[in-house]
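When a ligand or atom number is given, it counts from 1 through the structure's own listing order.
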Amino acid sequence: MTYDPSACITCGACCSAFRVSFYWQEAQQRGIDEASLVQITPWRVAFAGTDRQPPRCVHLDGAVGEKTSCRIYELRPHPCREVQPGDEKCQQARAAHGMPLLPPSCQSPII
Ligand code: SF4
Ligand code: SF4
């Protein structure tokens, strides 16, 4: 299913609300710069900045709630790809930043 990603351009909340962690080998496979990662267990890494409070991924560019972009969009790992506009994690992130929740219509597939 394809979702309308237009809300993300003026958001970026999910890149600055959670620790974004994944298996270290995924970083190698995707060619993600090791310098942008912190080791959190022997087998898992997280994006630097998402391991702090308040979290903010080192790869996020721009101002949350205004205009943002991911500097490594093509390389981003599965936890970044799994969040979809309007899903539970998206809404949690938006709420954490005091942003309005997205309407259910944003989860309609693009025709
Ligand atoms: S929180 Fe939702 S709308 Fe905002 S960037 Fe993430 S997926 Fe997109
Ligand atoms: S890698 Fe990109 S999509 Fe993933 S959390 Fe960081 S800024 Fe967001």
Next item on the list: Report, in ascending order of atom number, the atoms of ligand 1 lying under 4.0 Å from any heavy atom of Cys8.
Entry: 3 (S), 5 (S), 7 (S), 8 (Fe)
Item checked: Whether Cys11 has an N, O or S atom under 2.8 Å from atom 4 (Fe) of ligand 1 -> yes
Next item on the list: Give a yes or no on whether Cys15 keeps an N, O or S atom under 2.8 Å from atom 6 (Fe) of ligand 2.
Entry: no
Note to self: Among all the protein's non-hydrogen atoms, which is closest to atom 2 (Fe) of ligand 1, and how far away is it?
What the structure shows: Cys90 SG, 2.3 Å
Next item on the list: Kindly say whether the aromatic ring centers of His59 and Phe47 come within a distance under 6.0 Å.
Entry: yes
Note to self: Quick test: of every protein heavy atom, which one is nearest to atom 6 (Fe) of ligand 1, and how far off is it to 0.1 Å?
What the structure shows: Cys14 SG, 2.3 Å
Notebook entry, point to check: Are any of the side-chain heavy atoms of Arg30 and Pro77 separated by less than 4.5 Å?
Noted result: yes
Next item on the list: Check Phe47 against ligand 2 and report side chain, backbone, both or neither, counting heavy atoms closer than 4.0 Å.
Entry: side chain
Next item on the list: Taking only heavy atoms of Gly12 into account, list the atoms of ligand 1 that are under 4.0 Å away from them.
Entry: 4 (Fe), 5 (S)
Check: Hey, is atom 4 (Fe) of ligand 2 within less than 2.8 Å of some N/O/S atom on Cys80?
Finding: yes
Next item on the list: Could you list which atoms of ligand 2 come closer than 4.0 Å to a heavy atom of Leu60?
Entry: 7 (S)
Note to self: Using side-chain heavy atoms (C-beta onward) and a distance below 4.5 Å, is Cys80 in contact with Val20?
What the structure shows: yes
Check: Quick one: does Ile40's side chain get under 4.5 Å of Phe22's, heavy atoms only?
Finding: no
Check: Can you list the ligand 1 atoms lying under 4.0 Å from a non-hydrogen atom of Val83?
Finding: 7 (S)
Checklist line | Close side-chain approach of Leu60 and Ser16, heavy atoms under 4.5 Å | finding: yes
Check: So does Arg19 pair up with Asp51, basic N to acidic O under 4.0 Å?
Finding: no
Notebook entry, point to check: Are side-chain heavy atoms of Gln91 and Leu102 found at a separation under 4.5 Å?
Noted result: yes
